[in-house]
Amino acid sequence: MGASLRIPHCSQAFAVGLVLCLGGRSGALADPPAGTETGASASSSSSDAQPSVPQESFFSSLKQAFKQDFDHEVVRGHFDVGSAPDAHRYYCLVDAKTGKRQPNGVAGQPVLRADGMTGIKASAVSLYSCVSAEQQGILVTTGYALSGGGGGMIVPAPPPQRPAGAPALPDVSPDKIDVAGVKLGMSLDDVRAVLKSKKLLDYYESMETLGHFDSTKRAMQPIASGRFVNVIAAWTPPPSSSVGDPFAEDGESYEVMFTPVPGRERAMAIVHSAAYSPANAVREMALENALVKKYGGFAGSSDLPDSPTWRIQGSGNVQVGDPCNRRGIFGGLGGLNFGSETRPNLALKTAPDEFRFQIDRCGVAIVTEDHSTANGGAPPEERIITQFTVTAYSPSIAFEGATTAAQLMQTAGEAANKADAPRTKRQPAPNL
């Protein structure tokens with residue numbers, strides 16, 4: 001079969017065979033990735049290769065291509081087949097009006113719709129089964145909003161049953177990532193409780209307010225009940241050192257950034273830093289062993305680079321390194337004295353395409369670690385840590401918060417502009 005099958009006209013039929021009449025529809029049949037054959041599983045020797053996905057029959061794909069209506073269908077998740085450089089991504093669709101799910105994955109370009117959901121363009125129907133991708137646990141649904149334009153919700157399918165004998169995936173979803181007691185996805189009250197239990201000396205909450213553009217005043221205006229907690233910082237700075245070394249004494253700090261959803265904030269980023277006096281310093285090997293045990297990805301502490309990065313995938317896999325070059329979002333050694341200065345909210349400053357890039361290329365969560373040693377030239381078993389920072393950031397949680405905030409701001413703006421619209425004055429009745 002060629003790269004895709006598009007036959008605009010149907011002029012003749014044969015006694016034996018099949019002529020496909022697709023007219024001008026945007027649906028087409030997509031070929032499987034290079035190196036695969038119908039009914040066969042994709043294989044790769046690469047450690048990052050995606051699991052193989054069974055293919056449906058040709059007629060199943062053909063039936064979907066005939067009936068596909070991309071104007072009303074939205075993306076509910078995606079899965080990858082093959083490995084670089086022959087990796088291919090397919091999207092699973094659901095009808096936004098009826099909730100009916102399409103059986104086959106679709107190749108194409110995802111686009112963000114005005115209602116916050118993800119549409120698809122330049123699409124072609126593949127032979128790969130969305131049900132099989134769900135059963136294998138490789139269907140990534142995080143980051144795809146499924147809210148109907150009329151206020152209704154598209155109810156997602158129940159979690160698929162894994163085939164008998166299939167190994168269970170590790171539970172490493174974003175809300176399971178724990179950084180010294182604070183978890184990604186935690187509610188505002190839960191984070192407050194954890195940080196106050198640490199009994200650090202200083203505590204600060206930074207507030208922001210959602211706004212909308214007022215077309216009559218030509219300026220941004222705050223929306224009612226739009227205040228939310230942007231960042232909570234809690235810290236105990238190290239005392240002043242007589243030798244001028246700010247990390248010669250013990251200190252600790254937390255910085256937690258929340259999604260911009262008033263009343264329903266969730267932790268989307270965590271930065272935890274600690275500094276040690278020489279008397280309380282920890283061994284570098286002890287810290288590295290603890291990191292490997294907690295986050296995995298490496299065979300042992302000897303395999304850990306100077307600044308490791310863990311990328312949690314939607315499939316449950318943990319990958320290491322930073323090929324997407326997004327470590328700098330929160331990575332690096334953090335400060336121990338915040339004062340009242342906090343970061344701008346990432347969910348309000350990041351474009352949807354950037355979120356999609358982070359989720360697709362990095363993962364649903366990114367964890368980093370950085371540290372400094374007092375005796376870097378010593379043998380590994382003798383090095384001691386003077387400061388370390390562990391960060392966790394979930395672009396999928398941030399994207400969900402950004403989508404909700406955008407909907408709140410749009411609704412408030414539409415209501416305000418409607419209220420401010422000039423009303424037509426009633427003309428007096430003629431005196432007959």
**OP:** Measure from the side-chain N and O atoms of Arg311 to the backbone N and O of Gly321, and report whether any donor-acceptor pair falls under 3.5 Å.
**Re:** yes

**OP:** Keeping the roles fixed (side chain from Asn230, backbone from Pro260), state whether a donor-acceptor pair exists under 3.5 Å.
**Re:** no

**OP:** Tell me, with the steps shown, if Leu291 and Phe388 meet side chain to side chain contact (heavy atoms under 4.5 Å, CB included).
**Re:** CA-CA 12 Å; Leu291 290 169; Phe388 76 84; over 6 Å; no

Original post:
Between Phe79 and Tyr128, how do the two ring planes meet: parallel, tilted or perpendicular, split at 30° and 60°?
Top reply: perpendicular

Subject >> Pairs where residues 261-272 contributes a residue and the test side chain to side chain donor-acceptor pair (under 3.5 Å) is met, not counting sequence neighbours >> reply: Glu252-His272, Arg266-Glu400

**OP:** State whether Lys349 and Glu354 are salt-bridged, where the test is any N-O pair (Lys NZ or Arg NE/NH1/NH2 against Asp/Glu carboxylate O) under 4.0 Å.
**Re:** no

If you measure only the distance, is there a donor-acceptor pair under 3.5 Å linking the side chains of [X] and [Y]?
X	Y	answer
Ser126	Asn104	no
Asp370	Thr389	no
Tyr393	Gln358	yes

**OP:** Report yes if some heavy atom in the side chain of Leu139 is under 4.5 Å from a heavy atom in the side chain of Cys130; otherwise report no.
**Re:** no

**OP:** Apply the test side chain to side chain contact (heavy atoms under 4.5 Å, CB included) to residues Ile366 and Thr309: give CA-CA distance (whole Å), side-chain angles for both, the deciding distance (0.1 Å), then the verdict.
**Re:** CA-CA 7 Å; Ile366 306 167; Thr309 299; 3.9 Å; yes

Subject >> Test log, rule salt bridge (Lys or Arg N to Asp or Glu O under 4.0 Å), inputs Arg76 and Glu134 >> reply: CA-CA 11 Å; Arg76 64 183 181 91; Glu134 287 183 292; 3.2 Å; yes

Original post:
Could you go step by step and tell me if His371 and Glu288 meet the side chain to side chain contact (heavy atoms under 4.5 Å, CB included) rule?
Top reply: CA-CA 10 Å; His371 65 260; Glu288 291 177 341; 3.9 Å; yes

